[in-house]
There are 2 protein chains.
Amino acid sequence: MLLRTSASSSRPVDGPLSALAAERVFCSEFRYRRGTEIFGEGEETEYVYQIVSGAVRTYKLLCDGRRQVNAFHLPGDMFGLENGAAHRFSAEAVVATTVRIAKRRSLVEAMQGQRAGSSRVLGLVTQNLQHAENHMLLLGRKTALERVAAFLLEMDRRLGHPDVIVLPMSRRDIADYLGLTLETVSRACSKLRDQKMLKLEGPTQRQVVLLDRKGLAEYDT
Amino acid sequence: MLLRTSASSSRPVDGPLSALAAERVFCSEFRYRRGTEIFGEGEETEYVYQIVSGAVRTYKLLCDGRRQVNAFHLPGDMFGLENGAAHRFSAEAVVATTVRIAKRRSLVEAMQGQRAGSSRVLGLVTQNLQHAENHMLLLGRKTALERVAAFLLEMDRRLGHPDVIVLPMSRRDIADYLGLTLETVSRACSKLRDQKMLKLEGPTQRQVVLLDRKGLAEYDT
DNA sequence: CGTCGCGTTGACAAGGTTCAAATTTGGTGG
DNA sequence: CCACCAAATTTGAACCTTGTCAACGCGACG
């Protein structure tokens with residue numbers, strides 16, 4: 001798995017929780033096979049998760065099956081921490097995934113123990129909010145090409161600007177993240193390839209080499 | 001966003017912040033004329049605001065002028081509280097608006113004084129996040145009619161289910177909130193009117209009477 | 001009384017979706 | 001080892017929802 005758990009600047013997570021991990025709040029590891037549900041919308045928020053390896057999507061569904069992926073979570077990221085008693089969305093493993101699990105209660109208690117604890121939680125929620133605000137701009141106002149360019153740059157950044165971006169998610173996942181159809185995502189990728197902004201490799205074209213990050217960034221704005 | 005500080009559904013005034021207001025953290029009132037900027041994206045977060053009367057929009061812009069309205073803020077709502085030192089979006093008065101202003105520093109200090117203070121901030125940020133998550137679903141996956149129906153039901157709820165919803169914002173504002181054009185919003189309103197789900201009144205059709213909330217809710221899902 | 005802002009409506013264009021077909025690959029079982 | 005099938009992706013063509021452009025009406029206001 002080429003997903004790097006970049007520790008450096010581009011990846012602002014692992015920070016807030018490493019202390020907790022060290023305290024053994026994250027008591028056990030757990031593995032999920034590709035495509036399996038980790039929790040469902042509306043379920044009780046019993047656990048909090050941190051990804052060791054793999055990738056997770058969190059999403060909401062409309063009653064007729066339309067899906068909106070809120071976010072992709074990569075190694076080092078935490079997810080599933082919510083204020084209320086119920087999850088506001090569902091989570092599934094995009095690929096085979098290993099997570100560390102903490103009881104929500106014990107995490108909350110540990111937070112109260114630490115003085116800086118609650119502000120760390122606040123920081124995490126704020127980060128999520130910030131991402132959501134940017135994503136609303138993307139979903140509400142950007143073209144298909146701009147969305148795909150922004151997505152690739154986001155992954156590039158979060159994976160620490162590797163030579164080859166190995167996407168764990170399918171075109172459909174990307175489409176549901178970007179508010180498009182999988183065909184439109186595929187066409188946008190092809191267009192960017194034709195414009196020599198990237199190369200697509202690998203059996204399912206999930207390995208992406210960015211050839212012109214500046215050009216892509218101009219689509220982003 | 002939609003910082004609803006209301007505890008009970010029908011009276012959106014003074015929730016988590018009333019204690020602070022009582023402590024005179026909100027030291028002064030300020031008035032903005034319709035259309036004026038309250039703060040701009042990137043500016044220093046010097047103040048925090050609570051609306052006394054009127055309405056405010058917060059939004060982001062792309063470089064070519066495309067606009068995405070994050071949220072509308074109504075009387076009782078708080079806005080402008082951010083973790084970092086810089087505002088992540090701009091805020092403008094939709095109509096003539098009176099706000100109470102608190103220095104961010106003094107608010108933060110007051111929070112640290114109160115034990116429950118920081119968890120109140122967390123609650124506000126979480127509410128914003130929750131709204132943003134729902135809005136991503138709307139922007140990414142709902143049709144124009146569904147978006148407009150959802151918008152009207154949101155306003156109805158936040159205004160306490162009045163007989164007549166008096167919208168403070170223009171069709172363009174609504175469009176930029178819903179990721180549509182003003183013409184599409186207008187057409188959707190006309191269609192709902194033709195379907196007898198609502199009545200449009202007033203000189204600029206900004207007074208809305210919901211005739212069939214159940215029917216609208218089915219568009220919402 | 002003319003102008004301006006706002007909203008509605010129509011005609012047309014276009015970006016994105018839908019439907020369909022072809023390709024590739026990996027897995028499974030004979 | 002190989003045949004066969006399922007899943008993922010790409011690409012094309014037709015279609016449709018929404019955007020664009022324009023005209024018009026209405027009320028407010030100077």
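Naming: A, B, ... by sequence-line order, numbering from 1 per chain.
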For [X] and [N], what is the distance between atoms [atom1] and [atom2] respectively, to the nearest whole Å?
X: B/K191; N: C/dG10; atom1: NZ; atom2: C1'; answer: 15 Å
X: A/K142; N: C/dG16; atom1: NZ; atom2: P; answer: 14 Å
X: B/L180; N: C/dA14; atom1: CG; atom2: C1'; answer: 16 Å
X: A/L182; N: C/dA20; atom1: CG; atom2: P; answer: 15 Å
X: B/E183; N: D/dT17; atom1: CD; atom2: P; answer: 18 Å
X: B/L145; N: D/dT17; atom1: CG; atom2: P; answer: 11 Å
X: B/L178; N: D/dT17; atom1: CG; atom2: C1'; answer: 16 Å
X: A/R141; N: C/dG16; atom1: CZ; atom2: P; answer: 13 Å

Most 5' of A/T204 and A/T143 on DNA chain C, judged by nearest nucleotide: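 In this pair, the answer is A/T143.
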Residue met sooner reading DNA chain C from 5', once A/T181 and B/R193 are mapped to nucleotides: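 The answer here is B/R193.
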Residue-phosphate contact under 4.0 Å: A/R34 side-chain N/O, C/dG26 OP1/OP2: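 Result: no.
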C/dG16 OP1/OP2 closer than 4.0 Å to side-chain N/O of A/T184: no
Identified side chain to side chain donor-acceptor pair (under 3.5 Å) partner of B/H87 from the options B/E82, B/E41, B/E43: B/E82
Under 4.0 angstrom, heavy atoms only, what part of the nucleic acid is [X] near: base, sugar-phosphate, or nothing?
X: B/S170; answer: sugar-phosphate
X: B/R187; answer: base
X: B/G202; answer: nothing

Near-ring test B/F30/B/Y47, centroid separation under 6.0 angstrom: no
Cationic N near anionic O, under 4.0 Å, B/R158 to B/D77: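 Salt bridge between B/R158 and B/D77, a charged N being under 4.0 Å from a carboxylate O: yes.
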Nucleotide nearest A/P203 (side chain, heavy atoms from C-beta), chosen from C/dG26, C/dT9, C/dG7: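 Selected nucleotide (nearest to the side chain): C/dG26.
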Modelled atom types, side-chain donor and acceptor of B/R193 and B/S190, under 3.5 Å: yes
Whether A/H131 and A/Y177 hold their rings parallel, tilted or perpendicular, with breakpoints at 30° and 60°: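 Geometry flag for A/Y177 against A/H131: parallel rings.
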Polar pair under 3.5 Å, donor/acceptor by atom type, side chain B/R172, base C/dG5: no
Donor-acceptor pair (no angle test) under 3.5 Å: B/Q205 side chain, D/dC26 base: no
